[in-house]
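Everything on this sheet refers to the single structure shown next.
Just so we're clear, the structure is a prediction, and the values are computed from it rather than from any experiment. Every chain is numbered from 1, with letters handed out A, B, ... down the list of sequences.
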Amino acid sequence: MDQNRQGARASYVALAVFVAGWILLPSGVRRLNREAFAEFQAPALHLLGRSRDLATYWEKRSRDAEELSAAGRDLARINAGLELKLKMLEDVRRENIRLREITRYQASPEYLTVVARVATRESASWWQRIVIRKGRNDGIRPGAPVVFGDAVVGRVAAVHLSTSEVDLVTSPGFRCTAYLEGDELNRIVLVNGVAAASLGSAKARVSVIPHDYTMPAGQPARVTTTGMGGVFPSGLTLGTLDGAAYATQVGNFKESLLVPSRDLYNLQEVSVLVPLKQNPGEALMQADQFQ
Amino acid sequence: MGWAWLFLLLATYPWLLGADLAGDAFATSGLVFFVSGAVLIAPCRRLRRWQCVLLAAGAGFLFEARRPIPDGLLALPLVGFAVFLSTHRAWLRSTPRMLQAAAAVNALACLLWSAGAAHEADLPLAARLGQLALQVFFATVLGAVALVPLALTQNAVMDRLGVPPPEQP
Amino acid sequence: MTESPETKVLPSTPVEKIRLYGVFCLFALGFLYVVAGLAYRQLIQAGDLKEQSESQSRRLVLRPPARGRIYDRNGFVLVDNRARWSVQADLAALQKEFRAEYLRLLAAERARQAAQVDAERVMELARVNVLQAWLDKIWFVIDETQKPDVRRSRPTVRSSAEPATARKVDIEELRRHLRERRALPFTLLSDLALPGAGQAPTPEDGMRAVARFIEQFPVEGPIRLESDIIRTYPHGTLAAHVLGYVKDTDDLPPAVQDFDESRAGSLQKLRYTGKTGAAGVELSYNNILKGLSGWELWTKTSAGYNQTRLKYSEPVQGSNIALSLDYRVQLSAEAALAKIKDPQGTPLPAAAVMLSVDTGEILALASQPSFDPNRLAGRISQADYDEVEKKGAWLNRATQGLYPPGSTFKVITAIAGMRRKVVDWDDILECGAFLRVGDHDFPEHEPVGYGDVDLDKMLAVSCNVWNYQVGLRAGSDALAAESRRFGLDSPLLDNPAHAEGDGQPLTELPFAASRGLVVPDREYKLRIKAGPWTDGDTANFSIGQGYLLTTPLHMACVAASLARGETRTTPSIIHDVSRDGTHRGAAPIGLSRVQLEALRGGMVRCVEEGTARSARLPGLPFAGKTGTAEYFKKGQVAHLAWMIGYAPADNPSVAFAVLVEGQLDTDTWGGKTAGPVVREMLESWAAVNGVRLAPAEPPAR
């Protein structure tokens with residue numbers, strides 16, 4: 001008999017005992033283990049992200065000077081336009097604050113914006129995530145909304161020391177409320193990610209659409225956040241209603257698919273909106289972790 | 001050489017990361033480039049059993065760390081495979097056998113985490129059977145394909161570390 | 001390559017060969033058995049098995065439809081449907097938690113050395129504890145009031161008693177659920193937007209609670225979010241008695257497209273609870289509003305949950321209904337009624353009706369106290385039911401309340417007198433402080449009497465003695481006949497939508513008075529064993545007292561008929577543009593033109609300078625007649641304030657009746673109490689219809 005087979009049975013028994021112990025172990029220990037392995041990988045992910053940046057840098061360096069100066073000119077023009085808009089927005093913001101004070105209207109939650117580079121994308125049909133190169137050290141907390149421009153990218157699912165994982169809008173772990181463009185009554189609908197079919201790209205589902213809702217003619221209807229749930233600021237774009245899929249009646253409601261507003265898989269940089277005040281959902285998540 | 005397994009894990013990690021990168025490039029398709037099973041084959045021919053076990057656990061937990069699947073769902077079965085493979089070394093004596101083993105172990109491990117992920121995502125397994133089959137098939141092929149570079153790297157590292165070569169039957 | 005030991009498996013000796021063939025045979029037999037079994041199942045038993053597996057793994061779900069909307073006459077939505085978001089606990093997924101809690105409780109019980117441990121009770125307690133913990137988490141997320149910093153700027157007043165019950169797991173409900181629907185998820189909160197009474201004071205607060213749950217509560221786990229349609233009454237108590245409310249029912253409307261019943265028999269069926277009308281138009285027009293059910297055929301998982309929808313037919317929403325009510329007039333009527341309060345500040349029971357003179361369409365029908373149909377739309381809580389019951393708010397006082405009409409009846413006495421030719425419009429009767437009938441003095445409400453009184457003055461000052469005299473001259477039979485001619489004994493609001501016998505009410509509003517109306521006569525008094533009819537009874541009858549009982553709607557119809565010079569008005573709560581203004585059973589009133597003009601003139605004078613002065617509207621002359629009827633409350637006399645009439649005086653468009661039930665401690669008088677309500681209703685009617693009123697002047701004293 002192979003010498004190596006000696007003690008095999010003992011090994012299996014030990015494994016079985018370990019598995020049993022693993023299941024009975026407090027979840028905190030398992031979480032610690034997971035955390036340790038995530039941290040182990042963090043430098044590599046940072047390196048990966050930086051090497052991507054480097055590749056982009058060299059790609060840019062290889063561009064023709066003419067081309068670059070043209071791009072610079074275009075950007076300057078856009079910049080000027082945006083500056084102007086910013087000035088106007090500042091006025092609007094002040095007026096908004098004043099009106100809120102007069103009407104004693106509930107102030108929307110305030111956020112701290114953390115800009116983060118994308119390290120890697122992680123997707124299977126059962127989840128769609130990106131890993132960003134900012135983490136607990138940068139003040140990111142789980143549950144915080146992640147946006148790019150005015151478009152919702154997703155929500156922070158897990159936070160490590162210097163990296164975080166973000167559930168994309170199309171991930172089954174994502175759920176939020178939304179308004180549909182063209183619904184004057186502002187009735188809320190439900191948006192949640194669904195697992196993709198084989199090899200297909202993941203989509204999100206828009207459900208509980210009122211039966212009498214009709215899409216505005218001509219353009220796809222925008223789906224925007226409501227700002228009522230205390231997580232997402234209001235008015236951010238989640239995407240558009242998939243016109244082709246807009247017909248399914250489910251019970252007394254309609255259902256459709258959401259076409260995310262950005263190509264979620266080609267993001268280079270995102271902003272994490274960390275709420276200044278902890279919301280109850282986050283408190284609940286934390287309590288669960290330490291119970 | 002007590003720390004051989006750790007050095008081996010570190011030497012293997014770039015390949016695991018490479019697989020993730022490939023997955024990143026194909027992100028829209030939802031395919032996961034899974035090679036964590038194939039990682040075990042070459043070390044299990046030469047390392048001692050406990051070292052194989054640690055290597056397997058390491059590889060498994062590394063995969064789980066960034067993915068929403070239940071803790072230990074991949075790592076513990078990989079440990080089981082490691083115990084089995086290191087016990088039946090005779091089976092891995094030839095290259096075709098190694099390829100077979102890599103494909104089989106990779107496929108089984110992939111099946112486990114996929115099922116676990118579907119469970120975690122609260123999706124009925126049957127509804128996603130097509131995707132599951134595709135993923136497992138892909139993992140089978142990938143296991144066999146990835147074994148060659150993996151084994152070359154791992155053997156080279158083990159040679160340097162002075163791990164005795166596999167016993168010839 | 002050297003031959004390895006394992007490759008030497010081929011048998012070399014005969015003994016081994018036999019063994020090998022034996023093994024082969026064994027395998028062959030086994031294989032044959034499997035193949036035969038497979039063939040048997042596939043070819044012979046296939047049909048049966050298929051059906052069996054279908055019935056085991058499939059489930060038929062019946063989906064109730066959304067009910068039709070209810071609009072007012074201008075297309076304003078009075079009753080709508082909204083999404084209802086409910087939170088359910090997946091009991092199967094909670095099994096582990098139940099078990100852990102059970103063991104913990106058991107250990108605690110043992111530690112207390114309880115003599116007898118009732119395992120069943122402990123298990124129930126464990127379930128309740130676990131569910132309660134989840135419910136607390138849900139409340140933690142959706143309740144904004146717990147976090148003062150979130151909403152510091154908007155203080156809301158809530159009673160502290162309510163959350164205590166709303167935030168507890170309903171143990172009775174849980175028991176019932178486990179008995180009857182164990183495999184289904186248990187509903188923890190049936191309506192997130194209306195979690196506890198008063199918890200979500202505005203619809204927006206309700207929506208915020210829903211949004212908070214959706215965005216903040218963990219997606220994974222045993223707590224699920226479900227949505228369906230629920231009836232909503234956006235204006236709360238507005239016209240609640242007309243609209244009614246809905247209740248849960250297991251009898252769903254028929255399905256859109258019939259599934260094969262023979263096959264459906266073997267399927268496990270799941271009915272979602274539907275809604276059916278329980279009162280008001282919701283009940284009487286249920287057939288129109290209810291729609292058609294849908295069904296879905298689902299495969300189910302081994303745990304019993306729905307998995308894939310195989311076939312379905314979607315529910316069809318019920319038809320919409322347009323009521324004849326005018327939202328704005330209704331609103332002003334209810335607001336005006338709400339201002340009449342007793343010394344403790346509680347609004348008095350009251351009713352107000354306004355209808356179109358031409359078509360009989362009811363523009364406003366208010367009854368106070370009222371209830372909020374939203375609170376009754378789901379399962380009615382005992383507390384809610386008791387509250388409505390205690391207030392006496394179930395009764396629709398405008399159509400079901402039976403009252404003596406008091407002096408408003410004098411119009412009919414006058415008509416009876418003139419038609420019997422015992423008095424004419426210009427006859428002057430001597431009216432003292434009382435009239436002696438038999439051995440009783442029947443009093444005037446003016447201590448010194450009114451002296452010489454003609455029809456015009458009688459209507460203006462509401463002289464009793466004039467009516468006693470005319471009533472006695474005409475006789476009780478004439479009064480009763482005239483009352484019947486005006487339909488005071490006939491039920492109103494016939495419902496043409498329902499053929500007799502389909503279980504639906506035969507009137508447009510359920511229980512619109514069809515029993516209890518009394519037009520007294522000699523037979524009636526004998527029937528109720530009150531002795532023979534006397535002249536005193538006739539005198540009482542002539543001023544609308546005594547045995548006569550009618551409803552405010554009837555009196556409004558009398559006023560509308562008078563305005564048209566006819567005897568009957570057919571009121572309706574349904575808006576129909578094709579109504580031509582003819583009324584069933586209507587006949588000319590039977591007075592000469594002069595007599596009719598005098599009657600109407602008297603009613604106008606009543607408003608201009610008589611008992612109804614408080615209702616006067618500058619710029620809009622109208623006809624009215626007040627009444628203060630006596631009724632007994634707890635053995636003592638209290639007063640009912642009445643006012644009926646029509647407007648405008650020269651070209652009648654709407655007729656109205658207002659009734660207020662005075663209490664023992666209230667000072668309730670016809671014109672003084674009911675007049676302001678009439679004025680507000682007419683003001684809002686005028687505003688809606690673009691009738692210009694004169695600029696406001698100080699109220700006439």
Side-chain angles (χ1 to χ4, degrees), chain A residues 100-101 103-109 142-143 145 155 157 167 171-179 185-193 207-212 225-232 234 248-255 275-285 287-288 291, chain C residues 61 63-67 69 77 80-85 136-144 146-147 149-155 193 203-221 225-230 234 272 291 294 296 309 312-317:
Chain A
R100 273 178 201 279
E101 274 166 7
T103 55
R104 301 170 74 77
Y105 191 79
Q106 181 199 349
S108 44
R155 270 181 92 170
D167 259 336
S171 195
F174 183 90
R175 180 167 77 181
C176 83
T177 55
Y179 290 139
L185 296 171
N186 271 347
R187 289 167 291 195
I188 62 175
V189 297
L190 182 65
V191 174
N192 64 307
S207 50
V208 199
I209 303 175
H211 203 258
D212 54 353
T225 54
T226 60
M228 285 178 123
V231 173
F232 294 95
S234 64
T248 339
Q249 186 186 354
V250 175
N252 289 303
F253 300 106
K254 289 187 200 168
E255 241 181 56
L276 290 183
K277 283 185 203 108
Q278 193 187 44
N279 60 39
E282 198 188 328
L284 205 65
M285 221 187 298
D288 276 352
Q291 78 186 0
Chain C
V61 179
R63 287 228 179 254
R67 292 171 69 81
R69 289 207 185 91
V77 177
D80 203 349
N81 301 303
R82 69 170 168 85
R84 173 172 70 168
W85 307 78
D136 290 344
K137 284 183 187 173
I138 297 167
W139 272 103
F140 179 69
V141 167
I142 64 173
D143 185 4
E144 291 173 271
Q146 288 178 348
K147 277 67 71 174
D149 55 338
V150 182
R151 294 188 60 177
R152 57 180 175 266
S153 57
R154 221 156 105 191
E204 201 203 316
D205 286 335
M207 282 294 90
R208 192 166 284 133
V210 173
R212 290 169 75 87
F213 180 85
I214 290 175
E215 292 184 9
Q216 296 187 22
F217 206 78
V219 177
E220 281 112 27
L225 180 73
E226 293 286 334
S227 52
D228 63 353
I229 284 271
I230 194 176
Y272 279 81
E296 293 166 11
R309 192 165 69 161
Y312 62 93
S313 116
E314 295 296 354
V316 174
Q317 185 168 9

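Interatomic distance, OG1 of T177(A) versus CE of M207(C), reported as 9.5 Å (0.5 Å rounding). Rounding to the nearest 0.5 angstrom, the gap separating the CZ atom in R187(A) from the CZ atom in R82(C) is 12.5 Å. Interatomic distance, L185(A) CG to D80(C) CG, rounded to the nearest 0.5 Å: 8.0 Å.
A heavy-atom distance below 4.5 Å is found between the side chains of W85(C) and I188(A). For the pair N81(C) and H211(A), the minimum side-chain heavy-atom distance is 4.5 Å or more. The shortest side-chain heavy-atom distance between F217(C) and L284(A) falls under the 4.5 Å cut-off. Between L225(C) and R175(A) the shortest side-chain heavy-atom distance falls below 4.5 Å.
Considering every non-hydrogen atom in both P280(A) and Q216(C), the closest pair reads CD-OE1, 3.2 Å.
If you tally non-hydrogen atom pairs under 4.5 Å between each of G143(A), P145(A), G229(A) and chain C, the highest count goes to G229(A).
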Go through the steps to decide whether V219(C) and F174(A) satisfy the test side chain to side chain contact (heavy atoms under 4.5 Å, CB included), and finish with yes or no. CA-CA 7 Å; V219(C) 177; F174(A) 183 90; over 6 Å; no

